[in-house]
Structure formats: structure tokens, C-alpha cells
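Structure, as C-alpha cells:
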Amino acid sequence: MIILQTNVNLSAHKKIIIALLGFVLITGFTMLAVYNQYEAQKQIRSQTELHAQQLQEQERQQAIQDQQVKDTARHDAQIQSDLQKYREAQVAEKRLVSYNGPIEHIFFHPLLAYPSRTFDGDADSNGFNQYFVTVSEFKKILDHIHSNNFILVNPNALYEEKVEDGKTVLVRKELKLPPNKKPLILSVDDVNYPDYKSTNGTINKLILDSDGNVATYSVSPSGEKVISQDNEIIPIIDAFVAEHPDVSFQGAKGILALTGYYGILGYNTNKLDSPSYPEERKTALTIIKRLKETGWTFASHGYSHLDARAESYQSLDKDTLRWKEEVGSLIGPTNIYVYPFGSSVLPGNPKFQYLLDQGFNILCSVGPTPYLKDSTDYVMMDRRHIDGIALYNQEAILKNLFDAKSVLDPVRPPLKAGS
């Protein structure tokens, strides 16, 4: 019985072992098949990824080639454009003729954008009536100037500085203009917008619009915040020159004569201790940069708008150095000095020599007709004031520039007696 049982158990064990061996073999073959399939799929995925990377690299290389083609085409187009401009400039240069007549210089104050605020009968009305013009008047004057063949020029286009025997001297250049054109220098005094001005009709400040061009910001009488290119001299001239390129010689626009005691361009650059000063200065610098890029130049109008003739040497020195510190540091070097009140000092006066020593060798006063006197050291030039007084009282002497009666804004009241 015992032997029989053992045989039976051995037979069962064999079956189990055979079954296990069979399972192992089957599992092994199955695992091998699965592994082979995995490896095959892995290889396929690797090849697919490699192919995708190759396609991506081909697309990248193609994009680079396409961009190079575009850049080359753009570069070639720019070359062609520059070449065309050069040729046109050469043709235009050959057409220029020498000009030897008088050189007009006119100046304005900031425009009255909201005359209803200006001519409201208050204590300030007559003063603004005397010394400012409206947007409507300025636009009409600009049309007349263009029709009368005037062309805007930069005063520094008239002279060049040379060093002779270790000394800087001014040398007058030959002025050559398009045929039938007459030179005109235009300047704007006191380009600042303190409350007493904005509450009497000017804008509040200059800004850059969304396209990076100089525009204005103001608050209308109804309380609306207004961004405009149509209510101050700078954007109006920018637009006019764009429409009528023949009114500007070599891109010239005008001179902005800046004081400092109210800041500049509508920004409190005079308040050095203010928490907002860094931001105000930064904004002013961006506008100055754009003005220079678009043909505008700058002049000193003194820091505190002092009468150079009446002030002492010490007072003029203090005022000038402060202007250089607060305003000159923003606009950069300028050789143009515009006398406040048009009150000039003459050669031989120590104050005159002081201004020359400070680098101002083009000095501008006020007079009723064109005046220009120069030497190797300086240029003295008169400017004509264009304002309410001129429009009402100087029609005859302004006739060569524009017809005063036809530009007069109907909203402007008569000047008070004695003005």
C-alpha cells in the first residue's frame, strides 16, 4: 500500500512539473513575443520621433531660409528706396538756387485751444487777447505762409561753426533753396502749460499718442479729457508739413524757446524734490527725443523769464546756470538764446559777452521787420511777434506774410483801449 501511494504521488508530481514546465515555456515564448513587440513598437516610436524631429528641423531651416529671403527682399527694397531718395535729393539739390534776401523770423505763444475760456471777460482776458492766437487763426496763417512761398528753415542751417587758430567762429553758409521759396524761421515761446494758462484756454501738456507722435492732452470746458493733434502749434505743423513737404526745408519745423520756472512741455521738471519728479523728467525726455527726431530744435528763453537788459550780471548768471541745470540737462546743448520780452543786450555789454561765453551765439530779440546782423562771434536776429496786438494793429507790415484781417478769429473781442 505504501509503495503504491508513492508511485501515485510521483506520477502526480511529474504531471505538475510537466505542467509547470509547459507554463514556463509558454510564458517564456509569450514574454518573448511581448518583448519583441515592445521593442518593435519602441523602435517605431523612436523612428517616428526622429522623423518628427527631422521634419521640425526641416521646417525650422525652411523658415530661416524664408526669413532670409524676406530680409534680403526687404533689404533690397530698402536699398532701392534709399537709392531712389538719394537720386531725388540729387535732382532737388541741382534745382536749388541761392537766396540773398531778408530772412523772416516770426514767433507765437502756445495756442488758445478753448477760446471760450479765454475771452470770458475775466481779469486775464485782455492779456491773452494781446499775446496769443487761436487755433483757427494759426491754421489760416499757416495756409497764407505756404501760399506766399515761405519755407521753414533751421537757423543753424544758415551758419556753421569752425575752429580757426584755436577759436570757434561762425561762418555764414550759402543759403540755397528751391526756386521761388523764401526762408522763414518760426519759434514758439514759453512752451509750458501752468494752471493760469490752461484755465485760460491752452492745453494742459504735450504727450505721445499711441503711434508715438507728439499730441496734446487737455480737459475741455465740459470736463472731457481730450487727446488731440489739432489744438497746438507742434502737432498742427507736423501734420501740415506731412501734407505739404514743400513748406519745410530739410525737415525743419521750428524753435521751442523754453523757460524753466514752470517746468517744460506741461511737466513739473522744476520741482526737483517732488516724488513725481523722476517720472515727470522721464516723460519729458521721451517727448524731447521725438521732437528732435521730427525736426524741432530748442532754445533758452531764460529760466525765470527775466529782462536781460534790466537784470544785473549776477542775476543773469544765476538764472542762466539754473536754466542749464534744469532745462539744458533735458534738451541737450543749444546755441540759441531768445531774450525774454525781446529785451536784448548789445555787443560791448558784459552780459552780452557772458551769454556768448555760455555758448549762445545766436541771440534773438523782437522787432517789427526782419533784422539780422552777424560776425564771426555771434548772430543777432529780430523776430516778429504774431499775436492779438499784431493782428489788430500791424496789418500793413505783416502783409508780405499774411492778411491779418482775413485770419482774425470772429470769437476774438476787440482789444481794450491802450493795448
Side-chain angles (χ1 to χ4, degrees), residues 105-112 118 123-124 126-133 186-206 232-234 254-272 280 284 288 296-331 334-346 349 351-352 354-355 358-360 362-367 380-390 419:
H105 188 163
I106 62 175
F107 81 94
F108 300 81
H109 289 102
L111 298 184
L112 299 175
T118 312
D124 295 325
N126 198 54
F128 279 85
N129 193 5
Q130 289 176 308
Y131 300 117
F132 289 72
V133 302
L186 182 146
S187 49
V188 189
D189 285 5
D190 307 320
V191 189
N192 51 43
Y193 305 97
D195 288 345
Y196 87 89
K197 284 184 182 177
S198 59
T199 56
N200 279 286
T202 72
I203 63 162
N204 294 79
K205 60 183 176 181
L206 298 176
E232 180 55 302
I233 290 174
I234 293 164
I255 304 167
L256 306 179
L258 303 178
T259 55
Y261 66 129
Y262 281 122
I264 64 171
L265 312 179
Y267 297 88
N268 293 322
T269 54
N270 56 317
K271 298 180 179 179
L272 278 63
E280 298 263 317
I288 290 165
W296 294 90
T297 56
F298 295 92
S300 172
H301 198 34
Y303 184 84
S304 301
H305 205 274
L306 302 180
D307 184 332
R309 190 182 302 165
E311 292 294 321
S312 68
Y313 184 100
Q314 291 74 17
S315 178
L316 179 63
D317 174 45
K318 182 179 178 180
D319 187 78
T320 303
L321 294 180
R322 188 172 182 186
W323 184 91
K324 285 194 166 186
E325 178 184 355
E326 291 187 22
V327 183
S329 64
L330 293 167
I331 66 168
T334 177
N335 63 331
I336 306 172
Y337 190 88
V338 172
Y339 289 108
F341 307 106
S343 184
S344 61
V345 290
L346 300 176
N349 187 316
K351 289 182 284 189
F352 184 87
Y354 172 79
L355 291 172
Q358 291 299 315
F360 301 113
I362 297 179
L363 303 111
C364 303
S365 186
V366 175
M380 296 191 302
M381 178 182 296
D382 277 358
R383 309 179 302 155
R384 299 214 234 175
H385 60 97
I386 309 299
D387 48 28
I389 293 174
S419 298

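For the single chain, residues carry numbers from 1 onward in sequence order.
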- Task: Would you give the length of the straight line joining atom CG of N129 to atom CG of D124, rounded to the nearest 0.5 angstrom?
- Result: 12.0 Å

Please tabulate, for the side chains in residues 255-263, all donor-acceptor contacts under 3.5 angstrom to protein atoms that are two or more places apart in sequence or on a different chain.
residue : atom : partner : partner atom : Å
T259    : OG1  : N192    : ND2          : 3.1

- Message: If you define the side chain from C-beta out and look only at heavy atoms, does anything of L321 sit under 4.5 Å from Y303?
- Response: no

- Straight-line distance of F108 CZ to D387 CG, nearest 0.5 Å: 9.0 Å

- Task: Could you please spell out the steps behind the side-chain contact (heavy atoms from CB on, under 4.5 Å) verdict for S344 and M380?
- Result: CA-CA 9 Å; S344 61; M380 296 191 302; over 6 Å; no

- Query: Quick one: does W323's side chain get under 4.5 Å of Q358's, heavy atoms only?
  - Reply: no

- Message: Do T320 and S300 make a side-chain contact, defined as non-hydrogen atoms from C-beta onward lying under 4.5 Å apart?
- Response: no

- Item | Spacing of I362 atom CD1 and M381 atom CE [to the nearest 0.5 Å] | 6.5 Å

- Query: Quick check: are there more than 12 heavy atoms from other residues, nucleotides or ligands sitting under 6.0 Å from OH of Y131?
  - Reply: no

- Query: Do V338 and S187 have side-chain heavy atoms sitting under 4.5 Å apart?
  - Reply: no

- Determine the minimum heavy-atom distance between L272 and T269, stating which atoms define it. CD1-O, 3.5 Å

- For the side chain of T202 and the backbone of L112, is there at least one donor-acceptor N/O pair under 3.5 Å apart? no

- Under a 4.5 Å cut-off applied to non-hydrogen side-chain atoms, are P110 and E232 in contact? yes

- Could you go step by step and tell me if K318 and R322 meet the side-chain contact (heavy atoms from CB on, under 4.5 Å) rule? CA-CA 6 Å; K318 182 179 178 180; R322 188 172 182 186; 5.8 Å; no

- Is a side-chain N or O of K351 found less than 3.5 angstrom from the main chain of R309, in a donor-acceptor match? yes

- Hey, is the main chain of N200 close enough, under 3.5 Å, to the side chain of T118 for a donor-acceptor pair? yes

- Message: Do I288 and F298 have side chains that approach each other closer than 4.5 Å (heavy atoms only, starting at C-beta)?
- Response: yes

- Task: Taking the side chain as every heavy atom from C-beta outward, state whether I264 and V191 have any pair of such atoms under 4.5 Å apart.
- Result: no

- Query: With ring centroids as reference points, do Y339 and Y337 lie under 6.0 angstrom apart?
  - Reply: yes

- Item | Heavy atoms of other groups near K324 NZ, more than 12 under 6.0 Å | yes

- In Å and rounded to the nearest 0.5 Å, what is the CZ to NE2 distance from F107 to H385? 6.5 Å

- Message: Between L316 and Y354, is there a side-chain heavy-atom distance shorter than 4.5 Å?
- Response: yes

- Task: State the CG-CG distance between L363 and D382, to the nearest 0.5 angstrom.
- Result: 11.5 Å

- Note on the structure: In terms of heavy-atom contacts, I336 and C364 come closest through CG2-SG, 4.2 Å

- Query: Quick one: does N268's side chain have a donor or acceptor within less than 3.5 Å of a partner on K271's backbone?
  - Reply: no

- Task: Look at the side chain of D319 and the backbone N and O of S304, then say whether any donor-acceptor pair between them is shorter than 3.5 Å.
- Result: yes

- Query: How long is the span from the CG atom in N270 to the CD atom in E280, to the nearest 0.5 Å?
  - Reply: 9.0 Å

- Y193 side chain vs L206 backbone, donor-acceptor pair below 3.5 Å: no

